[in-house]
Trainee: 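Have a look at this one before I ask anything.
Below, read A as the first sequence line, B as the second, and so on, with proteins coming before strands; counting in each chain starts at 1.
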Protein chains: 2
Amino acid sequence: MKLPNNNMQKADGQAVPEPTLRRLPGYLSYFKSLKINNIEFVSSSQIAATFKMDATLVTKDLSYTGVKGRTKIGYSVDKLIENIVVFLDFNTQENAFLFGVGNLGKALINYDGLKQYGLKIVAGFDIDPAVIGLQVKEVKIFGVDDFRDLSRKTPARIGIITTPDHRAQETADLMVAWGIKAIWNFTPQSIKVPENIIVENTSIYSDLAVILNKLNR
Amino acid sequence: MKLPNNNMQKADGQAVPEPTLRRLPGYLSYFKSLKINNIEFVSSSQIAATFKMDATLVTKDLSYTGVKGRTKIGYSVDKLIENIVVFLDFNTQENAFLFGVGNLGKALINYDGLKQYGLKIVAGFDIDPAVIGLQVKEVKIFGVDDFRDLSRKTPARIGIITTPDHRAQETADLMVAWGIKAIWNFTPQSIKVPENIIVENTSIYSDLAVILNKLNR
DNA sequence: ATTAAATTGTTATTTTTTTAACAACTTAAT
DNA sequence: ATTAAGTTGTTAAAAAAATAACAATTTAAT
């Protein structure tokens with residue numbers, strides 16, 4: 001329909017279905033592993049079998065990225081990877097501040113994968129004096145007051161909340177005051193922010209709920 | 001329609017929409033914070049405003065749990081909490097084995113929240129001799145060989161994969177051989193398992209994709 | 001060269017999920 | 001007591017997403 005068929009170009013105004021958006025990174029990971037195994041082409045039916053889904057849905061998802069397959073051959077793994085990476089903006093590095101350097105926070109900083117997927121945590125923040133001044137991998141941990149200087153050197157549009165639950169709202173408020181545009185909230189707490197601020201909640205409890213439900217059905 | 005109106009009883013055969021299932025833990029967290037603030041009643045419109053969603057959808061979601069609201073008063077916070085907890089099986093403790101005691105694995109073990117939501121990690125596993133024998137919080141870390149004994153003492157139906165990506169499949173295979181019924185996969189790798197095994201993938205990359213998309217639109 | 005099989009990509013249909021509409025009810029104010 | 005406002009809960013409609021159907025194409029085999 002209104003899909004852009006100018007190859008390798010992003011559908012900027014076009015809203016991509018969120019389910020599609022959520023599936024694409026999974027495909028990407030799969031394609032990367034195919035590449036490691038020197039597999040050059042893959043068909044939608046193979047992909048569908050791997051993810052236990054309908055092949056049509058796969059082609060639809062992939063078509064959003066502008067990639068073109070070849071009849072009887074399938075899709076080029078290289079092109080798939082390239083198109084998805086570009087489409088999801090995983091190629092342009094986005095800086096992020098992380099607030100709350102506890103277990104989860106440290107795990108995220110140590111998580112190499114994120115960098116590969118377009119996100120670079122450039123600084124950690126905490127209110128615990130015992131943590132401030134430390135360094136986790138290449139990421140230094142700062143106190144709240146150090147923000148001004150830091151933000152001038154390495155500005156960030158994304159703020160990650162990995163604080164204890166009850167500190168989520170105040171942290172969000174702080175981030176908004178700092179000019180953060182998108183908040184990635186890893187606490188189960190729902191946070192209140194101005195209309196124009198993007199919030200994405202990552203709740204492992206939702207996944208847990210799904211597992212328990214399937215298990216006990 | 002075919003909703004069970006026998007109060008406080010779970011709709012066992014009835015399939016609950018997964019979106020509903022995913023939203024319930026968020027509500028629950030919110031209700032718990034209301035309770036801490038000594039708020040006894042809450043209306044669907046208040047809940048809807050908090051989560052920026054339609055009030056009708058809230059009532060629908062809540063109705064699945066069998067909770068009943070009072071006109072002009074709203075829902076009892078206590079009853080909401082109780083019904084959601086029961087409905088999601090967060091009250092009956094489910095044991096889990098965790099494989100891959102790296103940063104993320106440790107973070108999950110240290111995460112107190114999980115226990116409160118029905119999941120208890122009873123043992124960690126790793127192939128790194130430097131890690132085997134250690135103890136993270138109350139959770140001991142074992143080698144693969146220790147499984148038999150352990151599984152007799154504290155059986156578990158859920159297996160958590162927090163290994164490096166390229167070890168996901170072999171870990172899954174092992175878990176299936178162990179008799180694990182549901183696998184919670186924290187790697188982006190898609191894993192192949194027998195038909196009857198439940199798999200839930202937690203991919204923070206999906207959330208990241210959504211954030212970047214909104215940010216760059 | 002011809003044909004058969006496999007595969008993409010599009011359009012149509014069905015299913016699922018969300019939103020809207022509205023009736024019934026209950027509390028609090030007059 | 002009466003009324004008005006706010007709220008639940010259900011039914012209907014709309015929107016979104018997934019699946020099915022199928023045409024077009026292209027490769028590989030005969």
Side-chain angles (χ1 to χ4, degrees), chain A residues 1-7 11 14-24 26-27 31 34 39-77 79-80 83 206 209-210 213, chain B residues 1-8 11 14-24 26-27 31 34 39-77 79-80 83-84 206 209-210 213:
Chain A
M1 35 192 75
K2 273 170 287 174
L3 282 180
N5 47 11
N6 339 12
N7 59 338
Q14 185 82 3
V16 184
E18 191 170 309
T20 296
L21 225 41
R22 291 192 168 278
R23 283 188 294 266
L24 285 171
Y27 299 144
F31 299 148
L34 290 182
I39 295 168
E40 287 187 80
F41 291 93
V42 64
S43 74
S44 62
S45 51
Q46 282 177 273
I47 302 167
T50 301
F51 290 92
K52 284 174 184 156
M53 53 191 293
D54 195 281
T56 313
L57 188 51
V58 172
T59 64
K60 236 176 199 173
D61 283 343
L62 297 180
S63 76
Y64 279 101
T65 72
V67 73
K68 295 284 176 192
R70 284 169 63 195
T71 300
K72 191 92 181 200
I73 299 288
Y75 298 89
S76 150
V77 170
K79 280 190 185 162
L80 281 170
N83 278 50
S206 295
V210 173
N213 181 263
Chain B
M1 36 193 79
K2 274 169 288 174
L3 281 180
N5 49 11
N6 340 11
N7 57 338
M8 208 138 311
Q14 184 82 4
V16 184
E18 191 170 308
T20 296
L21 224 42
R22 292 192 168 279
R23 284 188 293 264
L24 284 171
Y27 299 144
F31 299 149
L34 289 182
I39 294 168
E40 286 187 79
F41 292 93
V42 63
S43 73
S44 61
S45 52
Q46 281 177 274
I47 302 167
T50 300
F51 290 92
K52 284 175 185 155
M53 54 191 292
D54 196 281
T56 312
L57 187 52
V58 172
T59 66
K60 237 175 199 170
D61 283 343
L62 297 181
S63 76
Y64 280 101
T65 72
V67 73
K68 296 284 175 190
R70 285 168 65 195
T71 300
K72 190 89 187 212
I73 299 289
Y75 298 89
S76 149
V77 170
K79 280 190 184 159
L80 281 169
N83 278 51
I84 294 177
S206 295
V210 173
N213 181 263

Trainee: Between dA20(D), dG9(C), dT11(D), which nucleotide has the shortest distance from any of its atoms to the side chain of K60(B)?
Mentor: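 Output: dT11(D).
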
Trainee: Measuring centre to centre across the rings, with the benzene-like ring taken for any Trp, is F51(B) within less than 6.0 Å of Y27(B)?
Mentor: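 Yes, the ring centres sit under 6.0 Å apart.
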
Trainee: Tell me whether T65(A) contacts the main-chain N or O of D61(A) through its side chain, where contact means a donor paired with an acceptor under 3.5 Å.
Mentor: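 No.
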
Trainee: Return the value, rounded to whole Å, for the distance between atom CG of L62(B) and atom P of dT8(D).
Mentor: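 To the nearest whole Å, that distance equals 9 Å.
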
Trainee: Nearest whole angstrom, please: distance from the P of dT8(C) to the NZ of K79(A).
Mentor: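 Roughly 14 Å, once rounded to whole Å.
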
Trainee: Looking at side-chain heavy atoms only, is the closest gap between L57(A) and T20(A) below 4.5 Å?
Mentor: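 L57(A) does not reach T20(A) side chain to side chain.
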
Trainee: Which nucleotide, dT26(C), dT26(D), dG9(D), lies nearest any side-chain atom of T59(B)?
Mentor: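 Among dT26(C), dT26(D), dG9(D), the one nearest the side chain of T59(B) is dG9(D).
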
Trainee: What's the closest nucleotide to the side chain of S43(B) if the choices are dA20(C), dT8(D), dT26(C)?
Mentor: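 Nucleotide nearest to S43(B)'s side chain: dT8(D).
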
Trainee: When you check the phosphate oxygens OP1 and OP2 of dA18(D), does a side-chain N or O of R23(A) lie under 4.0 Å from one of them?
Mentor: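 For dA18(D), OP1/OP2 do have a side-chain N/O of R23(A) under 4.0 Å.
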
Trainee: Please tell me if R70(B) has a side-chain N or O lying less than 4.0 Å from either OP1 or OP2 of dT27(C).
Mentor: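 Answer is yes, contact under 4.0 Å.
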
Trainee: Would you please confirm or rule out a distance under 4.0 Å between OP1 or OP2 of dG9(D) and any side-chain N or O of Y75(B)?
Mentor: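 So the side-chain polar atoms of Y75(B) do come within 4.0 Å of the phosphate oxygens OP1 or OP2 of dG9(D), strictly under.
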
Trainee: Start at the 5' end of DNA chain C and walk down; is the nucleotide closest to T56(A) or to T71(A) reached first?
Mentor: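 Counting from the 5' end, the first nearest nucleotide belongs to T71(A).
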
Trainee: Mind calculating the distance between CZ (F51(A)) and P (dA18(D)) to the nearest angstrom?
Mentor: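 The distance from CZ of F51(A) to P of dA18(D) comes to 15 Å, rounded to the nearest Å.
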
Trainee: Nearest-nucleotide wise, let me know which of I73(A) and T20(A) is further upstream toward the 5' end of DNA chain D.
Mentor: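 Result of the comparison: T20(A).
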
Trainee: Between P on dA6(C) and NZ on K72(A), what's the gap in Å once rounded to a whole number?
Mentor: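 Answer to the nearest Å: 6 Å.
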
Trainee: Between S43(B) (side chain only) and G74(B) (backbone N and O only), is there a donor and an acceptor less than 3.5 Å apart?
Mentor: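 Not at all, since once roles are kept as given, no pair shorter than 3.5 Å links the two residues.
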
Trainee: Send over the distance from F41(B) CZ to dT27(C) C1', rounded to a whole Å.
Mentor: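 To the nearest whole Å, that distance equals 12 Å.
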
Trainee: Can you tell me how far P of dA21(D) sits from CG of D54(A), to the nearest Å?
Mentor: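 These atoms are roughly 11 Å apart.
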
Trainee: Rounded off to whole Å, could you give me the CG-to-C1' distance for the L57(B) and dA20(C) pair?
Mentor: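 Value for this atom pair: 12 Å.
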
Trainee: Return the minimal non-hydrogen interatomic distance between G66(A) and N83(A), and the atom names on each side.
Mentor: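 Result for this residue pair: C-ND2, 3.4 Å.
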
Trainee: Look at S44(A) and dT8(C) and indicate whether a side-chain polar atom (N or O) is within less than 4.0 Å of OP1 or OP2.
Mentor: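 So the side chain of S44(A) is within the cut-off, an N or O lying under 4.0 Å from OP1 or OP2 of dT8(C).
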
Trainee: Taking CG from L21(B) and P from dT17(C), how many angstroms apart are they, rounded to a whole number?
Mentor: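 About 11 Å, once rounded to whole Å.
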
